Amino acid sequence: MSEPLSLSVKEVTENIRHAAEAAGRDPGDVRLVAASKTVPADRLIDAISAGVQTFGENRVQEAAAKWPQVRAEHPGVELHLIGPLQSNKASVAVRLFDVIQSLDTTKLAQTLVRCRDNGVTLPRLLCQVNIGEEPQKAGVLPEDVEHFVRDCQHSHGLELIGLMCIPPQGQDPTPYFTRLARMRDWLGMEHCSMGMSGDYVEAVRHGATMVRVGSGIFGGRTSL
Ligand SMILES: *Cc1c(COP(=O)(O)O)cnc(C)c1O
């Protein structure tokens, strides 16, 4: 038995609106990205019916299996890649996603350039930042972000529209959110993708323009 999604979508949407207003921000500047890894197609359609317009997937293969048919019937929906992208999956990913939030290596940037040179219109791109400087985590180290972003722009002609991060687990995320927002401002970018089910309200307070909420909408996951 599935819970109706309309309630959780409404609650998350309201929380985002309140947090934005309390911070003196326009709620329209914060986009809810429903993190839908492991969520089957019928639940995706329920979420679309409940008003979700943007979804984030972690795995190219899973997204390629689930989304083409759903999107054919719901053409307004936007799809973001929020998980790691290996270069050998890039040519599939650039055709499938509207936004790739996980650009974090020069090698991947070069692969994207080759896709573009082959005539593909690239998705919009965010640079993933390893904001907690955790050895096991993906993302560009904070000290290298400016160089990486400028190199993507100037050497490769890639336009990056923002930064994304996943702060260390089990710590107060606030300092990490603040730091990412400052870097975004410094680099003159529009977007900060930060905040998940447990901390999206804080993220909105500190400048998030995209929050990635999974279990808070779809309930618990059994895997990944
Ligand atoms: C799964 C996932 C989320 C959402 O996590 P929840 O805690 O379920 O909201 C957000 N971002 C990324 C990158 C994820 O993999």
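As the structure lists them, so they are numbered: ligands from 1, and atoms in each ligand from 1. Given the structure is predicted, the values throughout are model-derived calculations rather than measurements.
What you find for Ala63 and Pro68 is that their closest heavy atoms are O-CD, 3.7 Å. Between Ser8 and Ile217 the shortest heavy-atom distance is OG-O, 2.8 Å. The heavy-atom pair separating Phe148 from Asp104 by the smallest distance is CZ-C, 3.8 Å.
Within a 6.0 Å radius of CD in Gln153, other residues, nucleotides and ligands contribute more than 12 heavy atoms.
Contacts of Ile82 with ligand 1, taken as heavy-atom pairs under 4.0 Å, involve both backbone and side chain. Under 4.0 Å from ligand 1, heavy atoms of Ser197 appear from its side chain as well as its backbone.
Below 4.0 Å from some heavy atom of Ile166 lie the following atoms of ligand 1, by number and element: 13 (C). In summary, the atoms of ligand 1 found under 4.0 Å from a heavy atom of Ala35, numbered by their order in the structure, are 3 (C), 4 (C). Residue-ligand proximity, Val213 to ligand 1, at heavy-atom distances under 4.0 Å covers atoms 9 (O). Interface atoms of ligand 1 facing Asn58, defined by a heavy-atom separation under 4.0 Å, are 14 (C), 15 (O).
Side-chain contact between Leu125 and Val99 is absent, with no heavy-atom pair separated by less than 4.5 Å. Under the 4.5 Å side-chain criterion, counting only non-hydrogen atoms from C-beta, Glu202 is not in contact with Thr178.
The closest non-hydrogen atom to atom 2 (C) of ligand 1, taken over Arg212, Lys37, His80, comes from Lys37. Considering Ser215, Gly214, Ser36 only, the shortest heavy-atom separation from atom 7 (O) of ligand 1 involves Ser215.
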